[in-house]
Amino acid sequence: MTLTADAAWMARALQLAERGLHTTSPNPRVGCVLVKDGKNIGEGWHERAGEPHAEVHALRAAGKTARGATAYVTLEPCSHHGRTPPCADALIAAGVKRIVVAMQDPNPLVAGRGLAKLQAAGIEVECGLMEMAARELNVGFVSRMTHDMPWVRSKIAASLDGRTALANGQSKWITSDAARQDVQRWRARSCAVLTGVGTVLADDPQLNVRGADVVRQPLRVVLDTDLRISPDAKILQGGNLLVYTASTDAAKQNAIRECGADVSLMQRVEGGLPLSAVLSDLAKRGINEVLVEAGKTLNGALLSAGLVDELVLYLAPQLLGDAARGLANLGELTQLEQRVALTWQDVRHVGNDIRITARVRHV
């Protein structure tokens, strides 16, 4: 098989993996294609946690013709018993001759063991083809496995001069309908949507996925140091809500729990809640990607603490002036070395607005 053909089949496997963009959490998004004599004889992708992995779907589609085939898999086949049996064993039993893998599994339970098992069985193994594309597809899973932290993506809608609301708090709507619909897709792929109680009190948001066909809603997370949230808040409707607080007021906690929310008590620190500990706890809960939809206070605190990985910034063609609210409260910077450095990822039109995605350059 030529490198060009290998790349084409791996590209197909990545397309399949992307079909699980909204559904596989907390598992990674994985696709698999089985090829024999230059033809696709079976393919599949991991759809939901607890259900068969991509390799199993592809092997079932191929049946006995899998013997002697080449498997293209976007992530190293697992070698351990989890909710499902090891995929490495299934590939060996099927008689696959060659396996091309995009990237090694960062999960310490696998981390090369699947590749080693396949090689020990006499299968030709190649790893690294289109690795960057595979990592991008599972950026949150990789972060959780390697750093015990979710991938944190902050969404901000602002005017061209970087203002998110007027001084009186009015912000509906700075950006277009198209931009707001685009946000729904970011929510849909996220495992959790995070905000602060200030945003809940000011805007009364729901922070769920609307106008998109999804099989699961992201966990909604509110940081509320003193439990100021009202039991009538829209975000309390429908459950699937986690509130982090430092308040030991049992009556307030019970009122929130009676609305169907989970309350997690954290230690109070200067400024409110320990943000790093909150994100670490979310990782322990299997959260891969967090979408932050908050105001300048929480955005500033997360950025200042080095806890934001990516910005999704929607800029509207309008100016709101110096008195309007900024997008992140970073305090006064006295040296340029204190600035938050970014790397451009993508710039495009969304409706009448511009969407910029940029990665934070962590030192």
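All heavy atoms count here, side chains included; hydrogens, waters and symmetry mates do not.
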Trainee: Can you find a pair of side-chain heavy atoms, one from Val290 and one from Cys191, that are under 4.5 Å apart?
Mentor: no
Trainee: Tell me if a side-chain donor or acceptor on Asp204 pairs with a main-chain N or O of Lys234 at a distance below 3.5 Å.
Mentor: yes
Trainee: Inspect the contact between Glu43 and Arg60 and indicate whether a charged nitrogen and a carboxylate oxygen are less than 4.0 angstrom apart.
Mentor: no
Trainee: Atom CZ of Arg185 and atom NE2 of His22: how far apart are they, to the nearest 0.5 Å?
Mentor: 9.0 Å
Trainee: Quickly, which of Leu219, Leu291, Leu275, Leu223 forms a side chain to side chain contact (heavy atoms under 4.5 Å, CB included) with Leu194? Name it, please.
Mentor: Leu223
Trainee: I'd like to know whether Asn288 forms a side chain to side chain donor-acceptor pair (under 3.5 Å) with Arg144, so could you lay out the CA-CA distance, the side-chain angles of the two residues, the decisive distance to 0.1 Å, and finally the verdict.
Mentor: CA-CA 6 Å; Asn288 293 330; Arg144 183 166 67 88; 2.5 Å; yes
Trainee: Using a strict threshold of under 4.0 Å (side-chain N to carboxylate O), is an ion pair present between Arg355 and Asp346?
Mentor: yes
Trainee: Please name the pair of heavy atoms, one in Asn107 and one in Met145, separated by the smallest distance, quoted to 0.1 Å.
Mentor: CA-SD, 3.5 Å
Trainee: So how far is it from Leu109 CG to Ser79 OG, rounded to the nearest 0.5 Å?
Mentor: 8.5 Å
Trainee: Run the numbers on Thr245 and Asp224 for side chain to side chain donor-acceptor pair (under 3.5 Å), then give the verdict.
Mentor: CA-CA 5 Å; Thr245 186; Asp224 187 359; 5.5 Å; no
Trainee: Could you walk me through whether Ser264 and Val243 pass the side-chain contact (heavy atoms from CB on, under 4.5 Å) check?
Mentor: CA-CA 6 Å; Ser264 181; Val243 178; over 6 Å; no
Trainee: Whether Lys155 and Asp182 form a salt bridge (side-chain N of Lys/Arg under 4.0 Å from carboxylate O of Asp/Glu) is what I want to check.
Mentor: no
Trainee: Does the distance from a Lys or Arg side-chain N to an Asp or Glu carboxylate O, for Glu47 and Arg19, drop under 4.0 Å?
Mentor: no
Trainee: Would you mind checking if Lys117 and Asp89 are paired as a salt bridge, meaning a charged N to carboxylate O distance below 4.0 Å?
Mentor: yes
Trainee: Is the closest basic N to carboxylate O distance between Lys97 and Glu124 below 4.0 Å?
Mentor: no
Trainee: Closer than 3.5 angstrom, by distance alone: can the side chain of Glu76 be matched with the main-chain N or O of Arg113 as a donor-acceptor pair?
Mentor: yes
Trainee: Check this for me, if you would: do Asp309 and Arg361 make a salt bridge, where the nitrogen-to-carboxylate-oxygen distance has to be below 4.0 angstrom?
Mentor: no
Trainee: So do His53 and Cys32 actually touch side chain to side chain, heavy atoms under 4.5 Å?
Mentor: no
Trainee: Tell me whether Ser190 contacts the main-chain N or O of Val193 through its side chain, where contact means a donor paired with an acceptor under 3.5 Å.
Mentor: no
Trainee: Tell me, do His46 and Thr23 make a side-chain contact under 4.5 Å, heavy atoms counted?
Mentor: no
Trainee: How far does CD1 of Ile235 sit from CG of Leu207, to the nearest 0.5 angstrom?
Mentor: 4.5 Å
Trainee: Any non-hydrogen side-chain atom of Leu59 less than 4.5 Å from a side-chain atom of Leu91?
Mentor: yes
Trainee: Would you say Leu319 and Ile174 are hydrophobically clustered, going by side-chain heavy atoms of ILVMFWY under 4.5 Å?
Mentor: no
Trainee: Before you tell me yes or no, could you show the steps for Ser159 and Asp161 under side chain to side chain donor-acceptor pair (under 3.5 Å), namely the whole-Å CA-CA distance, both residues' side-chain angles and the distance that decides it to 0.1 Å?
Mentor: CA-CA 5 Å; Ser159 61; Asp161 52 349; 2.3 Å; yes
Trainee: Among Val101, Ile99, Ile123, Asp105, which one satisfies side chain to side chain contact (heavy atoms under 4.5 Å, CB included) with Leu115?
Mentor: Val101
Trainee: With the side chain counted from C-beta on, respond yes when Val197 and Thr225 share a heavy-atom pair under 4.5 Å apart, and no when they do not.
Mentor: no
Trainee: Side-chain heavy atoms under 4.5 angstrom apart, residues restricted to Ile, Leu, Val, Met, Phe, Trp, Tyr: same cluster for Val269 and Val278?
Mentor: no
Trainee: Would you say the side-chain atoms of Asp226 pair up with the backbone N or O of Arg228, donor to acceptor, closer than 3.5 Å?
Mentor: no
Trainee: Provide the closest heavy-atom pair for Ser25 versus Gly286 in the form atom of the first, atom of the second, distance.
Mentor: OG-O, 4.0 Å
Trainee: Is the side chain of Asp203 donor-acceptor paired with the backbone N or O of Pro205 at a distance under 3.5 Å, no angle test?
Mentor: no
Trainee: Any donor-acceptor pair under 3.5 Å linking the side chain of Arg163 with the backbone of Ala324?
Mentor: yes
Trainee: As a quick check of understanding, evaluate side chain to side chain donor-acceptor pair (under 3.5 Å) for Asp353 and Ser176, giving each step before the final call.
Mentor: CA-CA 7 Å; Asp353 305 314; Ser176 64; 2.8 Å; yes
Trainee: Could you tell me whether the side chain of Trp186 reaches within less than 4.5 Å of the side chain of Val312, counting heavy atoms only?
Mentor: yes
Trainee: Can Leu279 be reached from Tyr244 by stepping across I, L, V, M, F, W or Y side chains whose heavy atoms are under 4.5 Å apart?
Mentor: yes
Trainee: Are Leu303 and Met149 linked, directly or through other ILVMFWY residues, by side chains that come within less than 4.5 angstrom of each other?
Mentor: yes
Trainee: Heavy atoms only: give me the nearest Ala58-Gly44 pair and the separation to one decimal.
Mentor: CB-N, 4.0 Å
Trainee: If Ile, Leu, Val, Met, Phe, Trp and Tyr residues are connected whenever their side-chain heavy atoms lie under 4.5 Å apart, and connections chain through other members, are Leu302 and Leu342 in the same group?
Mentor: yes
Trainee: Find out whether the Lys NZ or Arg CZ of Arg180 is both under 6.0 angstrom from the six-membered ring centre of Trp173 and within 45° of the ring's axis.
Mentor: yes
Trainee: Would you sort out whether Ile354 and Val347 count as a side-chain contact (heavy atoms from CB on, under 4.5 Å), showing the intermediate values?
Mentor: CA-CA 7 Å; Ile354 293 175; Val347 179; 3.8 Å; yes
Trainee: Flag the pair Glu293 and Arg187 as a salt bridge only when some basic side-chain nitrogen lies within less than 4.0 angstrom of an acidic carboxylate oxygen.
Mentor: yes
Trainee: Looking only at non-hydrogen atoms, find the nearest pair between Leu14 and Ala134 and report the distance.
Mentor: CD2-CA, 3.9 Å
Trainee: Show the nearest heavy-atom pair for residues Leu34 and Ala71, with the distance to one decimal.
Mentor: CD2-CB, 3.5 Å
Trainee: If you define the side chain from C-beta out and look only at heavy atoms, does anything of Leu137 sit under 4.5 Å from Leu21?
Mentor: yes
Trainee: Salt bridge between Arg359 and Glu136, side-chain N to carboxylate O under 4.0 Å?
Mentor: yes
Trainee: Without swapping roles, check the side chain of Asn254 against the backbone of Ala250 for a donor-acceptor pair under 3.5 Å.
Mentor: yes
Trainee: Minimum heavy-atom separation for Cys87 and Val56, please, with both atom names.
Mentor: SG-CG2, 4.3 Å
Trainee: Is it true that atom CG of Asn168 has more than 12 heavy atoms of other residues, nucleotides or ligands lying nearer than 6.0 Å?
Mentor: yes
